[in-house]
Amino acid sequence: MSKEITSRKEDYSQWYNDLVIKGGLADYSAVRGCMVIKPFGFALWEKMRDTLDQMFKDTGHENAYFPLFIPKSFLSREAAHVEGFAKECAVVTHYRLKNDPDGGGIIVDPEAKLEEELIVRPTSETIIWNTYKTWIQSYRDLPLLINQWANVVRWEMRTRLFLRTTEFLWQEGHTAHATSDEAIAEARLMLDIYTDFVENYMALPVIRGVKTASERFAGAIDTYCIEALMQDGKALQAGTSHFLGQNFAKAFDVKFSDRQNKLDYVWATSWGVSTRLVGALVMSHGDDDGLILPPRIAPIQVVIIPIYKGDERKDLLDKKGKELAAELKKSGIRVKFDNNDNNRPGWKFAEYEKKGVPLRIALGLRDLDNNTVEIARRDTKEKTSFPEGGIVLRIEKLLLEIQDTMFRKSMQYRDEHITKADSWKEFLNLLDEKGGFILAHWDGTAETEEAIKEKSKATIRCIPFNNPSEEGFCIYSGKPSAERVLFARAY
RNA sequence: CGGGGCGUAGCGUAGCCCGGUCAUCGCGCCUGGUUUGGGACCAGGAGGUCGCAAGUUCGAAUCUUGCCGCCCCGACCA
């Protein structure tokens with residue numbers, strides 16, 4: 001059945017690629033490092049986008065759109081920021097092509113060189129703060145709560161479908177506040193929203209915390225994050241939220257008058273999640289037969305497949321199927337009735353399993369006789385026959401149950417893969433043999449963090465919120481430490 | 001940019017070592033029919049600059065050189 005999909009055990013990376021490609025989420029494109037998101041994959045992203053968008057709006061944010069291009073000079077206004085992004089920027093230098101006078105097709109017109117080069121945005125802080133300068137004068141203009149849905153480009157050395165592509169889709173929120181506390185509260189609020197979304201919609205438990213200085217966003221005072229665990233024991237950053245202090249306000253001279261008519265720089269946050277979430281979803285829930293999508297964001301929650309013999313009562317089956325689909329749809333369930341005659345039922349079963357559709361209803365002649373339907377769960381592979389009456393309630397209940405089961409399963413896996421390590425040797429053994437998150441003491445220095453990364457490939461994913469104090473000694477340097485931090489090898 | 005693998009029909013592949021009816025097979029696709037409770041079967045059919053370019057040769061998918069592209073692992077990163 002899974003003949004097309006490489007098993008996780010055999011080759012985890014290939015398994016991931018197989019799920020993305022063969023599950024119909026995306027394709028490789030003619031452009032290196034860039035992918036085509038196919039309709040099914042985009043439907044999934046749209047589900048995520050629409051859900052998050054509503055959450056942003058419910059907390060007072062508005063959408064806007066800023067330019068794709070950023071004048072080169074803007075990027076260097078904030079020192080840490082340019083330092084962080086300069087290495088991966090695509091640059092527009094010319095604005096015109098012309099026919100090659102030597103007959104070699106079309107060439108860049110050397111006459112059409114831009115006076116100032118434009119950067120294709122790797123993120124939009126600079127262009128946005130340059131704009132905010134003109135939008136903000138008084139405390140009455142604050143807080144300014146803006147989000148944009150956009151594409152960004154980061155020229156990565158090595159790309160992976162959804163997880164890291166040269167161009168990707170995301171949302172970036174950029175807010176301005178009158179006080180530091182308010183900005184921090186905003187950054188924390190957005191992390192709460194991400195947590196809510198990833199855990200309750202994507203069924204993926206996350207660990208929340210703050211990044212160390214070296215893992216911080218370029219230009220931030222603090223970076224908060226949610227970290228998820230994939231099935232191969234590697235961590236994946238699922239979302240980040242930054243408290244930017246007054247760094248960008250100072251760089252772009254954004255001041256406001258407070259109630260006392262005192263002039264001060266505004267306080268900022270930014271926060272984002274990307275199409276990388278699709279990759280997280282694939283990697284954390286999928287199995288060797290394909291994708292497994294959580295009902296709350298599955299583009300198709302229920303597929304109905306008719307099974308007939310010859311033309312016997314085919315019309316009746318068709319009618320029943322359509323009625324059932326309509327009934328489910330009326331209750332807000334995303335349903336597809338697949339009566340396409342080109343493929344046989346067995347083929348469809350396998351196909352929708354590969355695509356991760358949470359529930360499948362098979363409707364055959366036996367069911368017509370008995371007034372039943374057969375329902376199969378994607379997550380547990382259970383097949384059960386149910387009486388036709390009350391089927392909508394049954395489906396609704398099952399969808400909730402699948403959502404819950406998927407979250408619990410991921411949670412259990414995650415919890416089983418948080419391990420304490422008290423020595424360097426133990427730390428390395430755990431990384432190689434078990435994987436997952438490792439809680440260990442660290443002396444708090446960037447040098448040690450770097451050395452650990454160098455020698456073990458593991459990074460500090462975060463210092464978890466509400467982290468218990470615990471006296472101990474750094475697993476690498478042996479120096480005293482007041483708390484454990486969360487390590488993992490990561491995507 | 002380093003290490004490994006690989007480019008032959010839409011996809012997956014055989015052939016390459018030892019040049020010469022070798023362009024093979026499966027899936028998919030098209031037509032017709034039989035089928036349909038776990039990836040159906042039969043019959044017929046379409047589809048190829050063998051990644052690109054030079055070179056060696058009477059003759060190159062096959063040998064030589066150069067280039068291009070892709071995948072995996074690593075360095076950079078969400």
Side-chain angles (χ1 to χ4, degrees), chain A residues 1-6 10-18 21-22 27-33 35 84-89 122-123 152-172 194 211 214-218 223 225-228 235-242 270-280 289-290 305-314 317 339-354 360-370 372-374 376 381 383 385 453-454 457 459 461 489-491:
Chain A
M1 189 192 298
S2 53
K3 61 189 172 191
E4 297 182 9
I5 296 172
T6 309
E10 193 186 323
D11 185 342
Y12 190 84
S13 296
Q14 194 51 48
W15 166 79
Y16 173 78
N17 285 335
D18 284 353
I21 301 290
K22 291 169 181 168
D27 256 346
Y28 292 108
S29 76
V31 185
R32 183 215 272 281
M35 65 174 177
F85 284 104
K87 295 185 297 289
E88 51 189 26
C89 285
T123 180
V152 286
V153 167
R154 295 181 187 176
W155 217 266
E156 304 287 352
M157 298 185 198
R158 193 177 150 225
T159 57
R160 299 197 64 184
L161 295 165
F162 285 111
L163 297 176
R164 176 165 300 107
T165 45
T166 298
E167 179 191 13
F168 58 95
L169 306 182
W170 77 345
Q171 58 68 216
E172 47 180 327
Y194 289 156
K211 288 286 189 190
S214 66
E215 297 279 330
R216 209 175 272 156
F217 175 77
T223 288
C225 63
I226 51 175
E227 295 284 330
L236 185 136
Q237 179 175 299
T240 52
S241 169
H242 317 291
S270 68
W271 27 274
V273 297
S274 71
T275 37
R276 178 179 235 205
L277 286 178
V278 176
D289 292 327
I305 297 174
I307 301 162
Y308 35 79
K309 290 201 193 302
D311 283 337
E312 187 195 348
R313 290 189 285 176
K314 190 175 166 187
L317 267 180
N339 61 348
N340 184 336
D341 203 24
N342 295 330
N343 297 311
R344 298 167 80 252
W347 188 91
K348 292 178 187 172
F349 290 178
E351 186 64 14
Y352 289 106
E353 273 164 18
K354 201 165 66 186
R360 177 186 73 231
I361 298 178
L363 193 57
L365 296 177
R366 280 208 307 260
D367 298 301
L368 283 188
D369 293 335
N370 305 330
T372 57
V373 296
E374 183 195 75
K381 301 265 169 63
K383 281 201 281 198
S385 228
K453 182 178 174 183
E454 175 94 11
K457 306 292 173 211
T459 50
R461 301 320 300 154
R489 289 188 179 139
Y491 279 98

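Heavy atoms only: backbone and side chains are in, while hydrogens, waters and symmetry mates are out. Residue numbering restarts at 1 for every chain, and letters A, B, ... go by the order of the sequence lines.
Among the heavy atoms of the strands, none lies under 4.0 Å from A:Ile305. At a threshold of 4.0 angstrom between heavy atoms, the contacts of A:Ser274 include nucleobase atoms, whether or not backbone atoms are also involved.
Atom name P, nucleotides B:G4 and B:C27: the rounded distance is 37 Å, in whole Å. As rounded to the nearest Å, B:G7 and B:A14 have P atoms that lie 7 Å from one another. Of the P atoms belonging to B:U57 and B:C16, the separation is 24 Å, rounded to the nearest Å. Of the C1' atoms belonging to B:C17 and B:G3, the separation is 25 Å, rounded to the nearest Å. Taking the C1' atoms as reference points, B:C22 lies 23 Å from B:G10, given to the whole Å. For the C1' atoms, the distance linking B:U49 with B:A23 amounts to 14 Å, nearest Å.
Residues A:Val153 and A:Thr166 are in side-chain contact: their nearest non-hydrogen atoms beyond the backbone lie under 4.5 Å apart.
A salt bridge links A:Lys354 and A:Glu351; the closest N-O separation between the charged side-chain nitrogens and carboxylate oxygens is under 4.0 Å. Ion pairing between a basic and an acidic side chain is recognised when a charged N comes within 4.0 Å of a carboxylate O; A:Lys211 and A:Glu227 show such pairing. The pair A:Arg360-A:Glu353 meets the salt-bridge criterion, with a side-chain N (NZ, NE, NH1 or NH2) lying under 4.0 Å from an Asp/Glu carboxylate O.
Listed pair A:Lys383 / B:G38 fails the phosphate criterion, with no side-chain N or O lying under 4.0 Å from OP1 or OP2.
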Are any protein N/O atoms closer than 3.5 Å to N/O atoms in nucleotides 34-37 of chain B? If there are, list each pair with its distance.
from: B:U36; atom 1: O4'; to: A:Arg344; atom 2: NH2; distance (Å): 3.3
from: B:U36; atom 1: O2'; to: A:Tyr308; atom 2: O; distance (Å): 2.8
from: B:G37; atom 1: OP1; to: A:Arg344; atom 2: NH2; distance (Å): 3.1
from: B:G37; atom 1: O6; to: A:Gly364; atom 2: O; distance (Å): 3.4
from: B:G37; atom 1: O6; to: A:Leu365; atom 2: N; distance (Å): 3.1
from: B:G37; atom 1: O6; to: A:Arg366; atom 2: N; distance (Å): 2.6
from: B:G37; atom 1: O6; to: A:Asp367; atom 2: N; distance (Å): 3.1
from: B:G37; atom 1: O6; to: A:Asp367; atom 2: OD2; distance (Å): 3.3
from: B:G37; atom 1: N1; to: A:Asp367; atom 2: OD2; distance (Å): 2.6
from: B:G37; atom 1: N2; to: A:Asp367; atom 2: OD2; distance (Å): 3.4

For nucleotides 67-69 of chain B, which of its nitrogen or oxygen atoms have a protein nitrogen or oxygen under 3.5 Å away, and what is each distance?
none

Annotated structure of RNA chain B as dot-bracket, pair cut-off 3.5 Å, Watson-Crick or G-U only, | for inter-strand, is (((((((..(((.......[....))).((((((.....)))))).....(((((..]....))))))))))))....

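Between A:Thr275 and A:Gly33, the residue anchored nearer the 5' end of RNA chain B, judged by the nucleotide with its closest heavy atom, is A:Gly33. Each of A:Glu167 and A:Met157 was assigned the nucleotide of RNA chain B with the nearest heavy atom; the assignment lying further toward the 5' end belongs to A:Met157.
Taking the six-membered ring for Trp and thresholds of 30 and 60 degrees, A:Tyr12 and A:Trp15 have ring planes inclined between 30 and 60 degrees apart.
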